[in-house]
S.K.: 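Quick one: structure below, then a few questions.
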Amino acid sequence: MCVICFVKALVHVFKIYLTANYTYNFRGWPVDFRWDDVHASGAGSSHRALTCAAAAAGVWLLHDAALGADTLTRPPRGARSQAQCLLQQIRELPSQLASYALAHSLGRWLVYPGSMFLMTRALLPLLQQGQERLVERYRGRRAKLVACDGNEIDTMFMDRRKHPGSHGRGLRLVICCEGNAGFYEMGCLSAPLEAGYSVLGWNHPGFGGSTGAPFPQHDANAMDVVVKYALHRLNFPPAHVVVYGWSIGGFTATWAAMTYPELGALVLDATFDDLVPLALKVMPHSWKGLVVRTVREHFNLNVAEQLCCYPGPVLLLRRTQDDVVSTSNHISTLPSCPVEGDVEGNRGNELLLRLLQHRYPSVMAREGRTVVTRWLRISNLAQEAAFYARYRVDEEWCLAMLHSYRERRQEEMDDAEAWGPHGPTFPWLVGQGLSARRRRQLALFLARKHLKNLEATHCSPLEPEDFQLPWGL
């Protein structure tokens with residue numbers, strides 16, 4: 001009996017030793033995949049291999065647009081004297097220095113608290129347990145990826161392709177993008193994982209085993225190598241790859257969808273349209289100018305603009321009791337006295353409106369936008385169903401209208417470039433000439449297909465049954 005106990009104790013100690021090495025020695029882990037490995041292994045592949053500059057091109061193009069840069073109307077450089085340029089640079093220098101100091105100190109800690117060393121140390125036991133669970137229960141495979149900026153990205157892959165389940169979910173890969181204090185060891189990947197999908201989780205630069213700092217360009221570079229790893233090393237077809245972003249992970253999720261439009265679908269959970277309104281909510285009003293400049297220059301998480309660049313299926317999950325991505329002054333009560341959430345200030349509302357206005361401008365004109373805005377103010381699922389029924393939305397007619405427009409576009413198109421990986425490119429001019437009543441019905445139908453309400457708080461774990469793939473025509 002003592003011998004058996006000794007063997008059990010020895011196995012337990014050995015297991016702890018292996019787990020400790022697994023956690024602490026990741027810096028000595030061999031590199032499994034580099035961002036430029038596509039050149040060597042994908043000579044005949046149709047997927048493009050981005051250069052280091054191109055990997056962040058989408059970020060900085062939107063960065064320039066957000067700052068008001070207009071290359072078409074801006075006067076040529078020679079039109080302004082060197083003295084004027086120098087004077088302008090001198091005037092802006094103090095605010096630039098203040099913005100830089102804020103971004104690299106308090107700003108980064110507020111936007112990405114998970115990158116703080118003390119938080120990582122405090123969560124280390126939980127991260128270790130999470131790694132054990134993923135490896136032992138789901139046969140997770142850890143890998144080190146190197147991005148184009150040299151940052152090492154810590155990833156974990158759970159493969160379900162050998163046992164895809166009755167619905168074939170394991171044949172699809174869900175790439176999970178965590179929030180600003182989330183780690184793949186204990187983050188949002190649990191929902192798609194328990195729902196039966198193959199899952200690829202990764203940590204932001206500066207989080208867990210990943211090196212670097214979580215600024216937008218670094219995050220975009222990390223996302224780029226993760227997508228390339230999924231397509232070229234794990235060999236998932238692009239149409240079978242779903243990108244799932246929770247909270248601030250919506251930035252990297254939409255960046256990946258914008259940069260790789262052939263990816264199959266995009267799911268955004270409890271995310272926002274733009275970081276500026278949320279930053280102004282928590283910072284002193286007297287700091288407004290500095291806050292706006294700092295966000296635009298260093299943390300330009302312009303999710304809505306990137307989302308509108310993706311032509312594929314999209315599903316937005318809005319949490320009705322979410323006060324993190326809300327700009328309203330609603331104050332939560334005690335847990336013992338729960339109340340319905342205040343959804344009017346939820347930035348997911350603007351995200352949906354921007355998406356529908358881009359894709360279906362004729363439907364969202366006048367009456368369409370008004371009725372969708374009213375629908376978004378409803379925080380109760382029962383009231384939502386009653387509101388939908390009140391307008392007597394004929395879903396069969398809506399589908400027939402969309403299918404008819406799609407087929408007509410297909411017949412009329414002579415240019416192959418106008419037909420993207422998901423069908424005719426947006427915007428669609430469907431809905432022109434419809435009555436106000438029909439326009440309202442079609443707008444409500446599209447809104448309900450693109451956004452799903454969940455009665456949950458921002459940090460509540462998503463239930464596996466609530467993780468769904470987006471609707472597709």
Side-chain angles (χ1 to χ4, degrees), residues 11-29 108-145 151-159 174-195 197-214 219 222 226 244-250 252-253 269-271 319 321-325 335 454 456-464 466-467:
V11 170
H12 181 67
V13 170
F14 187 65
K15 178 180 175 183
I16 293 177
Y17 173 76
L18 287 178
T19 306
N21 277 344
Y22 186 79
T23 303
Y24 293 111
N25 293 344
F26 189 67
R27 293 205 171 183
W29 194 283
R108 182 165 71 89
W109 299 334
L110 289 175
V111 178
Y112 289 98
S115 63
M116 295 174 62
F117 175 76
L118 291 178
M119 176 172 284
T120 302
R121 294 295 299 178
L123 294 175
L124 193 58
L126 295 177
L127 299 181
Q128 185 171 328
Q129 292 175 11
Q131 287 177 349
E132 285 184 40
R133 182 177 69 92
L134 295 176
V135 172
E136 295 178 1
R137 184 182 302 179
Y138 299 102
R139 298 182 180 180
R141 219 165 59 203
R142 200 180 190 191
K144 177 188 285 189
L145 315 184
N151 286 336
E152 298 174 350
I153 308 303
D154 186 5
T155 69
M156 182 73 75
F157 171 55
M158 280 64 66
D159 195 352
V174 179
I175 300 178
C176 297
C177 304
E178 298 291 344
N180 63 356
F183 303 79
Y184 73 71
E185 293 90 339
M186 46 181 287
C188 66
L189 61 73
S190 296
L193 187 59
E194 294 179 13
Y197 295 93
S198 295
V199 174
L200 175 60
W202 61 282
N203 282 333
H204 296 284
F207 283 57
S210 297
T211 62
D219 243 2
V226 169
Y244 170 44
W246 172 67
S247 190
I248 211 170
T252 46
D269 179 13
T271 192
R319 305 186 178 214
Q321 299 169 13
D322 191 340
D323 57 357
V324 174
V325 295
L454 301 175
T457 61
H458 185 79
C459 295
S460 300
L462 187 69
E463 297 295 332
D466 288 329
F467 182 84

S.K.: Can you find a side-chain donor-acceptor pair between His204 and Ser115 that sits under 3.5 Å?
M.R.: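 Their side chains do not contain a donor-acceptor pair, so the 3.5 Å distance test is not met.
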S.K.: Looking at residues at least two apart in the chain, or sitting in another chain, which of them share a ring-ring contact (aromatic ring centres under 6.0 Å, His included) with Tyr138?
M.R.: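 None.
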S.K.: Between Asn151 and Ser210, is any pair of side-chain heavy atoms under 4.5 Å apart?
M.R.: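 In short, these two side chains do not touch, never coming nearer than 4.5 Å.
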S.K.: Run the ring-ring contact (aromatic ring centres under 6.0 Å, His included) test against Phe183 and tell me which residues pass, sequence neighbours left out.
M.R.: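 Phe183 satisfies ring-ring contact (aromatic ring centres under 6.0 Å, His included) with Phe207 once adjacent residues are dropped.
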S.K.: Please tell me if the side chains of Cys188 and Leu462 come closer than 4.5 Å, counting only heavy atoms from C-beta onward.
M.R.: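 Side-chain contact under 4.5 Å: no.
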S.K.: For the pair Trp246 (side chain) and His458 (backbone), establish whether a donor and an acceptor sit closer than 3.5 Å, ignoring hydrogens and angles.
M.R.: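 Yes; judged by distance alone, with no hydrogens or angles, the pair exists.
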S.K.: If you round to the nearest 0.5 Å, how far is CE of Met116 from CZ of Arg108?
M.R.: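 Between Arg108 CZ and Met116 CE, I get 9.0 Å after rounding to 0.5 Å.
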S.K.: Looking at every heavy atom in both Ile153 and Val226, which two are closest together, and how far apart are they?
M.R.: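 In terms of heavy atoms, the two residues are closest at CG2-CG2, 4.3 Å.
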S.K.: If I take atom CD from residue Glu185 and atom CD from residue Gln129, how far apart are they, to the nearest 0.5 angstrom?
M.R.: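 Reported to 0.5 Å precision, the distance equals 11.5 Å.
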S.K.: Please answer whether the main-chain N or O of Pro214 pairs with a side-chain N or O of Asp219 as donor and acceptor at a distance below 3.5 Å.
M.R.: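 Not a single qualifying donor-acceptor pair exists.
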S.K.: Could you report the tightest heavy-atom contact between Val325 and Ala270, atom names first, then the distance?
M.R.: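 Closest approach of Val325 to Ala270: CG1-O, 3.7 Å.
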S.K.: Using a cut-off of 6.0 Å, state whether more than 12 heavy atoms not belonging to Arg139 lie near its atom CZ.
M.R.: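 No, CZ of Arg139 has 12 or fewer neighbouring heavy atoms, counting only those of other groups under 6.0 Å.
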S.K.: Please report the closest heavy-atom contact between Ala181 and Pro113, naming both atoms and the distance.
M.R.: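 Residues Ala181 and Pro113, closest heavy atoms: CB-CG, 4.1 Å.
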S.K.: What are the two closest non-hydrogen atoms of Gly140 and Met158, and how far apart are they?
M.R.: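 Gly140 and Met158 have their closest heavy atoms at CA-SD, 3.7 Å.
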S.K.: Listed by chain and number, what are the salt bridge (Lys or Arg N to Asp or Glu O under 4.0 Å) partners of Asp154, not counting sequence neighbours?
M.R.: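 Only Arg142 meet the salt bridge (Lys or Arg N to Asp or Glu O under 4.0 Å) criterion with Asp154.
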S.K.: Looking at Glu178 and Gly187, what are the two nearest heavy atoms and their distance?
M.R.: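 Taking Glu178 first and Gly187 second, the nearest heavy atoms are OE1-CA, 3.3 Å.
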S.K.: Are Ser190 and Pro461 close enough that some pair of their side-chain heavy atoms sits under 4.5 Å apart?
M.R.: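 A side-chain contact is absent here, since even the closest heavy-atom pair is not under 4.5 Å.
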S.K.: Do Asp269 and Tyr244 have side chains that approach each other closer than 4.5 Å (heavy atoms only, starting at C-beta)?
M.R.: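 Counting from C-beta outward, Asp269 and Tyr244 do come under 4.5 Å.
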S.K.: Ignoring hydrogens and geometry, is there a side-chain-to-backbone donor-acceptor pair from Arg319 to Thr457 under 3.5 Å?
M.R.: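 Pair found, side chain donor or acceptor close to backbone of Thr457.
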S.K.: Decide yes or no for Leu200 and Thr155: does some side-chain heavy atom of the first lie under 4.5 Å from some side-chain heavy atom of the second?
M.R.: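 In contact.
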S.K.: Determine, stepwise, if the pair Asn203 / Met156 fulfils side-chain contact (heavy atoms from CB on, under 4.5 Å).
M.R.: CA-CA 9 Å; Asn203 282 333; Met156 182 73 75; over 6 Å; no
S.K.: Would you check if Gln131 and Tyr184 make a side-chain contact, meaning some heavy-atom pair closer than 4.5 Å?
M.R.: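 Yes, at least one pair of side-chain atoms sits under 4.5 Å.
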S.K.: Taking all non-hydrogen atoms of both residues, which atom of Leu110 and which atom of Asn180 are closest, and how far apart?
M.R.: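 Scanning both residues, the minimum pair turns out to be O-ND2, 4.0 Å.
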S.K.: How many angstroms lie between CE in Met186 and CG in Leu134, if you round to the nearest 0.5 Å?
M.R.: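 Reported value, rounded in 0.5 Å steps: 11.5 Å.
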S.K.: Can you tell me how far apart CD1 (Ile175) and OG (Ser198) are? Round to the nearest 0.5 Å.
M.R.: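 One gets 11.5 Å once the value is rounded to the nearest 0.5 Å.
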S.K.: Measure the CG-CD distance between Leu189 and Glu194 for me, rounded to the nearest 0.5 Å.
M.R.: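 The CG atom of Leu189 sits 9.5 Å away from the CD atom of Glu194.
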